[in-house]
Amino acid sequence: MSQPAPSDSSEFTVITAVRGWRHLDLAGLWRAREVLQFLSWRDLKVRYKQTLLGVAWALVQPVAMSLVFVYVLARYAQVPTGPWPYFLHVFTGMLPWTFFSTAISSAGNSVVASERVVTKVYFPRLCIPFAAVLAGLVDFVLGFFLLALLLLGFGVAPSWTILMLPIVVGLLVLAAMGLGSLLAALMVAYRDIRFVMPFLIQLMLFATPSIYLQTQAPADSRGGLRLLDFHPLDGLISGFRASVLGGPFPWVGVLLGGSLSIALFYFGCLYFRRVEDDFADII
Amino acid sequence: MATPPAIEVSHVIKRFRLGVAQSQVGFPTYRTLRDSLKDMALWPLRQVGLMATPPPPPMFEALADVSLSIQPGEVVGLVGRNGAGKSTLLKILSRISRPSEGEVRMRGRVGSLLEVGTSFHPELTGRENIFLNGAILGMSRHEIRRKFDEIVEFSEVARFLDVPVKRYSSGMFIRLAFGVAAHLECDVLLIDEVLAVGDAAFQKKCLGHMSGPGLSGRTVFFVSHNMAALQSLCTRAIWLDRGRVVQDGPVADVVGAYLRTSFAPSRARSWATLADAPGNDEVRIKSARVLAPGGVTEGRLNIRTPLQFEIEFWNLKPGSALAVVFHLCNEQGTIVFRTVSIRDPNWHGKAFPRGLFRSVCEVPGDLLNDGTHFLEVLFRQNEGLIVYQNDQLLTIDIEDDAERRGSCHGDWPGAVRPDLAWRTEFLEPLS
């Protein structure tokens, strides 16, 4: 849509009627990084205004959900026990899951919620869902501090796998940005997505067994690939847990899940870019 | 070699899909997931000819082949009725919406103000919103910091900088929003009717800021319904009607032609039934006339003719105390005078029952200047609330009078041309 002029030093904009698949324009996104920062900063500032508990809400959800799972599953189902306390197991799954689910749901709603801005100001539109995801990341970091305290309390020492943590979290962010942008773009055209999303998120929780079950098969047990290895979230969540708690690192799951996350990011953003010019007309 | 234009629009067309149910209104409709899924499922059948392809949806052309070019440093106004495509054109130039056909080329950093305060968040403080809004408009953090004090001073909200803007009065909100926007640095500035906000004093300040250092060297393209503002700021104007450029030239010519054509002279209008009459649930207008002496609605009027503005209206809300307000505007869009029915001896301040009323206002001769005038009417209820306003009630052509001119030729400036008494005396000779 716009391209820098080859000779002129000042900006040069060309607007044409061409539509279709376009490149991602990460450079344009980089130039707009301040907009991205300010938008996620706004989301953060606004989220807990006029609430009693403030940012503590960021911790309530994963803790409460973990307690529910521990109570229900440990009491009424036979949960295979692993090397760690079951609560720690569930909490290390629930923390990245809470990030992922709130990130895709706020990113999915973000463009429609910014209707006024979208119809009145231009800036790279991908900033909107990305900012929503980044704002969610801050809650995740807060939760991580709580996790670190819990680890201290349970006496779990980090092993070398902690080095994998930034990579796993980065892949998780990419997956959330990809799926969030895809949902956001779809929601502009089809408000049906608003009803699909909560339902989708609930289904995904149950379809990601590594959150609440200890499904990590020992690497040598069967050798072959499982269907679950192709589930990006499942692999990444096992990866997150393994990098925090130590133990055998699920290479296959993280590698496959990570590649799928990158593909999801790429496809989600490309689809968003394809339809973003129509946002102002149809929102 | 001529400098390349700052804005070059070539053969731009913008179409919207029309909904079947709302086809008389120019608004696109939502496409549901169901439609898309159905299309997807039926696509193979349509491809092999088993099912007819549905007819293309009805389209509405908001812009029908617009081409124009604006040189760097030019200040150009865009005029036209509502729905003429002005806002659509600005949206395309500011990259918010994409043309269906055609191309736009722009040189330099483009800033657009289609609405002020759009990205303000009510929960954030004034200070925070300056940064947020500045960033969204395209300013860098460094640039905002540099202009921060200037923005605060301009918008006169220094005392409330750390208060959430949801607690601001609407005037403060608008001043702050405009303050941020007015300090946007860019080469090409697109403005859509943002001056229509704020009180008169602030509007004047904005205009001053814009016509002063704010605009120097910039290319400005803006939409306004305020013809006086357009004429004082622009050198050139473009008139858009039904998505086409009707006229492009010096601002005075274009604005004059636009006002004359868009508001064809009509000294008397009436509506047969209550249902057709313009108005709302409070009041409806039955008829409006401009009468020359003897109750004449035909023939020519000149600057010496005493006039009567007569309006007949139905009051539909029993018990409301109505006041009729007339605004007489000239071709420049300036209000020549406002008059309110507060000196009416019969009904002023009383509760109006439901029914038909007639109000007449006497305008003396030797008051108005020549030219086309437009009469607006407003109905005020209980000393304040405006319940109905009609901006295009009547158009009156007032001609010049040779006798009053004496030996003076050319345009007679001034909003009014009263016949004032003069007396000159010889006091003493100069030795």
Side-chain angles (χ1 to χ4, degrees), chain A residues 1-3 5 8-19 31-39 41-50 114-125 127-128 131 186-196 275-283, chain B residues 4 9 12-14 16-17 28-37 91-110 112-119 121-125 128-129 131-142 144 164 186-188 192:
Chain A
M1 195 151 130
S2 78
Q3 57 203 52
D8 197 343
S9 60
S10 68
E11 286 177 52
F12 183 65
T13 317
V14 182
I15 301 166
T16 56
V18 181
R19 61 177 305 160
R31 277 195 299 276
R33 64 190 177 282
E34 289 200 342
V35 180
L36 183 60
Q37 281 168 22
F38 274 113
L39 285 177
W41 167 81
R42 175 199 66 182
D43 285 355
L44 272 177
K45 276 243 154 188
V46 168
R47 189 165 339 149
Y48 300 115
K49 284 244 167 145
Q50 289 200 358
S114 319
E115 179 196 335
R116 267 166 55 86
V117 179
V118 167
T119 53
K120 296 293 180 188
V121 193
Y122 176 78
F123 54 88
R125 303 300 190 207
C127 288
I128 302 173
L186 284 171
M187 173 117 64
V188 173
Y190 313 113
R191 300 298 155 98
D192 311 64
I193 300 298
R194 178 172 291 155
F195 305 102
V196 172
V275 297
E276 67 176 359
D277 284 344
D278 293 329
F279 284 175
D281 295 341
I282 59 177
I283 200 166
Chain B
V9 177
V12 163
I13 297 177
K14 177 71 186 180
F16 288 110
R17 251 172 68 114
T29 47
Y30 288 108
R31 197 175 151 74
T32 62
L33 194 56
R34 213 190 80 184
D35 296 341
S36 295
L37 290 177
K91 276 192 178 177
I92 286 174
L93 292 182
S94 39
R95 297 175 60 176
I96 288 164
S97 154
R98 185 182 44 191
S100 308
E101 279 174 43
E103 194 182 80
V104 176
R105 289 165 176 276
M106 286 189 284
R107 286 170 185 81
R109 186 173 166 191
V110 182
S112 69
L113 304 177
L114 300 197
E115 198 176 281
V116 293
T118 328
S119 45
H121 197 289
E123 296 283 354
L124 296 180
T125 66
E128 290 164 343
N129 267 310
F131 279 93
L132 175 67
N133 199 11
I136 287 179
L137 286 177
M139 290 191 234
S140 71
R141 195 189 301 255
H142 174 72
I144 303 168
C186 55
D187 309 307
V188 179
D192 189 1

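The model shown is predicted, which means the values in this text are computed figures rather than measured ones. Chain letters run A, B, ... following the sequence lines, proteins first and then strands; every chain starts at 1.
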For chain B, which of Val117(A), Val46(A), Val35(A), Leu39(A) has the most heavy-atom pairs under 4.5 Å?
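Ranked by heavy-atom pairs under 4.5 Å with chain B, first place is Val46(A).
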[X] side, atom [atom1]; [Y] side, atom [atom2] - distance, nearest 0.5 Å:
X         : Y         : atom1 : atom2 : value
Asp192(B) : Lys120(A) : CG    : NZ    : 6.5 Å
Ser140(B) : Arg31(A)  : OG    : CZ    : 14.0 Å
Ser119(B) : Arg116(A) : OG    : CZ    : 9.0 Å

For the interface with chain A, which of Asn129(B), Val110(B), Leu132(B), Val188(B) has the highest count of heavy-atom pairs at distances below 4.5 Å?
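Most pairs with chain A among the choices: Leu132(B).
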Let's test your reading of the structure: which of His121(B), Glu101(B), Met139(B) forms the most heavy-atom pairs below 4.5 Å with chain A?
His121(B)
Using every non-hydrogen atom in the two residues, find where [X] and [Y] come nearest and quote the distance to one decimal.
X         : Y         : result
Thr16(A)  : Arg98(B)  : O-CG, 3.4 Å
Ile92(B)  : Ile15(A)  : O-CD1, 3.2 Å
Ile136(B) : Val121(A) : O-CG1, 3.5 Å
Ser94(B)  : Tyr122(A) : O-CB, 3.1 Å

Can any side-chain N or O of Glu34(A) pair as donor or acceptor with the backbone N or O of Arg141(B) at less than 3.5 Å?
yes
Between Glu128(B) and Lys45(A), is the closest basic N to carboxylate O distance under 4.0 Å?
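Yes, this pair counts.
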Going by an N to O cut-off under 4.0 Å, is there a salt bridge joining Asp281(A) and Lys14(B)?
yes
Side chain, backbone, both or neither of Ser114(A) within contact of chain B (heavy atoms, under 4.5 Å):
neither
Val14(A) side chain reached by Glu103(B) side chain, heavy atoms, under 4.5 Å
yes
Pick one of side chain, backbone, both or neither for Leu93(B), based on which atoms fall under 4.5 Å of a heavy atom in chain A.
backbone
With a 4.5 angstrom heavy-atom cut-off, could you sort out which part of Ser100(B) is near chain A: side chain, backbone, both or neither?
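Contact with chain A involves the backbone of Ser100(B) alone.
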Full working for side chain to side chain contact (heavy atoms under 4.5 Å, CB included) between Met106(B) and Phe12(A)
CA-CA 6 Å; Met106(B) 286 189 284; Phe12(A) 183 65; over 6 Å; no
